[in-house]
Amino acid sequence: MPQIDDKLAPIYEEVVRRNAGEPEFHQAVREVLESLGRVVAKRPDYLEDALIERICEPERQIIFRVPWTDDKGRVQINRGFRVQFNSAMGPYKGGLRFHPSVNVGIIKFLGFEQIFKNALTGLPIGGGKGGSDFDPKGRSDGEIMRFCQSFMTELYRHLGEYTDVPAGDIGVGAREIGYLFGQYKRLTNRYEAGVLTGKGLFYGGSLARTEATGYGNTYFTRAMLQTGGTDFDGKRVVVSGSGNVAIYTIEKVESYGGKVVACSDSSGYIVDENGIDLDLLKEIKEVRRGRIGEYARLKGEGAYFVKSGEGSIWDVACDVAMPSATQNELTGKDAKKLVANGVIAVGEGANMPSTPEAIRTFQQAGVKFGPGKAANAGGVATSALEMQQNASRDSWTFEQTEARLATIMRDIHDSCYETAEEFGAPGDYVIGANIAGFIRVAEPMRAFGVI
Ligand SMILES: NC(=O)C1=CN([C@@H]2O[C@H](COP(=O)(O)OP(=O)(O)OC[C@H]3O[C@@H](n4cnc5c(N)ncnc54)[C@H](OP(=O)(O)O)[C@@H]3O)[C@@H](O)[C@H]2O)C=CC1
Ligand SMILES: N=C(CCC(=O)O)C(=O)O
């Protein structure tokens, strides 16, 4: 395991002590601290005023009860979270995750990643994240609405377009954002379009926001491929997940001539050697809210389903892997299998989907590895573009917004690539992303004094 610089090791030890039982948060902090030894060697002033310690400690952690009534009239209780991690670059900005696995440690890892991701976009947004252990799967629209209304009834007092701006993440899409926005408007009696992003197009949403994370990861991964003199055309690609990020990753990869042969959900994965039929996938996932196994049943020829526990999607040979489901879904064992099968690039659409061992395996094998905080920043970047449109009471075309997104992702790639070179780790996008993001946050924090 890479070592943390002696000057930074005590910071990591204190993070582990103070945040016991939160392994995903420890993992996210450790990866950044492993990169910062190179920085403090050149800029020892970043060690002053406990600046790095302050970055590792959230500015505010909000935890609250969410009571709601199900369709049988039974009162249910969930727990809500919002971690307002760092506002050096702007208002807290980050998604809401509704999933039974959510706890404060998960939200803190997501919020910590968000600080550097948002800084890399070059847009005025700080880092935050929230959500709940509420499981939306199988719930009626009415139950989802009543949960969202109760969740927002508690959270609204902490939000604002200049304070904290949530959006979607796992389990939170346009339906949930609509119910959350409606309740916020009712409680505040303000039409504050910029308080949430990922909104519907009829009430201030941005064209291209739905596609943005998947398109953005594809742009970033394509830029990595192009540094190696190649491209997506003719490449065999595996994309895990089959939600918002995965679907629009598949769409953009196919537009560049890549063939996506597998995708997944928590029930298992499907393989279609003819290439994923995106219209069928969207019908199953976006319209019917069905399970991925239906794809194989409906598609028939050349397609098959592997049930969860009976194999890993990463057993499927590919040139490019794009994990777009959830954290730590791609293990060291999976990485070794992918390398043995000839993978040449990995673009993380999900947040922290590769374990540290998987990252090391890829990098030691010379695989181009794009970390989520850089590769999946297209979603939050387009959220910030939605905020710009709302602030100017304007709506841009899809082409205008997508062009901005493509430029932002190219800039993020180049910033990571050049920073890695500058700090003696050529081609290491993890080090490049962590250092470039850190410096953008550290400078305003130094200017603000000890707050
Ligand atoms: N939405 C956004 O704007 C952004 C999202 N991300 C990240 O991308 C990833 C996917 O998010 P998104 O597409 O929005 O979410 P969705 O809820 O739309 O889709 C999530 C997908 O991942 C699968 N999944 C979730 N948890 C697990 C699990 N524990 N095991 C296996 N499969 C799982 C889901 O399967 P199932 O339906 O069976 O649960 C589903 O196919 C997350 O890591 C998120 O943090 C990153 C940047 C932006
Ligand atoms: N879930 C998101 C999107 C956050 C946002 O658009 O504010 C992420 O960047 O992980």
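Each ligand, and each atom within it, is numbered from 1 in the order the structure gives. Below, all heavy atoms of this structure are taken into account, side chains as well, without hydrogens, waters or symmetry copies.
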Using non-hydrogen atoms of the residue, decide whether [X] is closer than 4.0 angstrom to ligand 1.
{"X": "M352", "answer": "no"}
{"X": "E329", "answer": "no"}
{"X": "S242", "answer": "yes"}
{"X": "Q327", "answer": "no"}

Around [atom], find the nearest protein heavy atom and jot down its residue, atom name and distance.
{"atom": "atom 9 (C) of ligand 1", "answer": "A325 O, 3.2 Å"}
{"atom": "atom 38 (O) of ligand 1", "answer": "S266 OG, 2.5 Å"}
{"atom": "atom 28 (C) of ligand 1", "answer": "T326 CG2, 3.6 Å"}
{"atom": "atom 37 (O) of ligand 1", "answer": "R291 NH2, 3.0 Å"}
{"atom": "atom 10 (O) of ligand 2", "answer": "K129 NZ, 2.6 Å"}

Side-chain donor/acceptor of [X] to backbone N/O of [Y], under 3.5 Å:
{"X": "T121", "Y": "N118", "value": "yes"}
{"X": "D272", "Y": "A262", "value": "no"}
{"X": "E329", "Y": "A325", "value": "yes"}

Honestly, is [X] close enough over [Y], meaning NZ or CZ under 6.0 Å from the six-membered ring centre and within 45° of the axis?
{"X": "R139", "Y": "F147", "answer": "no"}
{"X": "R297", "Y": "F305", "answer": "no"}
{"X": "K252", "Y": "Y256", "answer": "yes"}

Indicate the atoms forming the closest heavy-atom contact of S354 with N328, along with that distance.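 Taking S354 first and N328 second, the nearest heavy atoms are O-OD1, 4.0 Å.
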**Asked** Which atom pair, heavy atoms only, marks the closest approach of V245 to G349?
**Response**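 For V245 versus G349, the nearest heavy atoms are CG1-O, 3.9 Å.
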Please report whether the ring centroid of [Y] lies less than 6.0 Å from that of [X].
{"X": "H99", "Y": "F134", "result": "no"}
{"X": "F64", "Y": "F151", "result": "yes"}
{"X": "F369", "Y": "Y429", "result": "no"}

- Query: So which bit of R209 gets within less than 4.0 Å of ligand 2, heavy atoms only: side chain, backbone, both or neither?
  - Reply: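 Side chain only.
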Next item on the list: Of the side chain and backbone of N351, name the one, both, or neither that has a heavy atom under 4.0 Å from an atom of ligand 2.
Entry: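 N351 to ligand 2: side-chain contact only, backbone stays beyond 4.0 Å.
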Residue portion contacting ligand 1 (non-hydrogen atoms closer than 4.0 Å) for [X]:
{"X": "K129", "answer": "neither"}
{"X": "T213", "answer": "side chain"}
{"X": "S101", "answer": "neither"}
{"X": "P353", "answer": "neither"}

Report, in ascending order of atom number, the atoms of ligand 2 lying under 4.0 Å from any heavy atom of [X].
{"X": "K117", "answer": "8 (C), 9 (O), 10 (O)"}
{"X": "S383", "answer": "5 (C), 6 (O), 7 (O)"}
{"X": "A167", "answer": "5 (C), 6 (O), 7 (O)"}

Checklist line | Close approach, Q114 and ligand 2, non-hydrogen under 4.0 angstrom | finding: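 Within the 4.0 Å threshold, so yes.
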| field | Whether P166 lies under 4.0 Å from ligand 2, heavy atom | value |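 The answer is no, since P166 has no heavy atom less than 4.0 Å from ligand 2.
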Would you say atom 34 (C) of ligand 1 touches the protein, meaning some protein heavy atom is under 4.0 Å from it?
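For atom 34 (C) of ligand 1 the answer is no, since every protein heavy atom stays at 4.0 Å or beyond.
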| task | Could you walk me through whether R146 and D71 pass the salt bridge (charged side-chain N to carboxylate O under 4.0 Å, His left out) test, one step at a time? | result | CA-CA 10 Å; R146 292 193 295 274; D71 285 346; 2.7 Å; yes
- prompt: Looking at D319 and K235, does any basic side-chain N land under 4.0 Å from a carboxylate oxygen?
  reply: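 No, this pair does not count.
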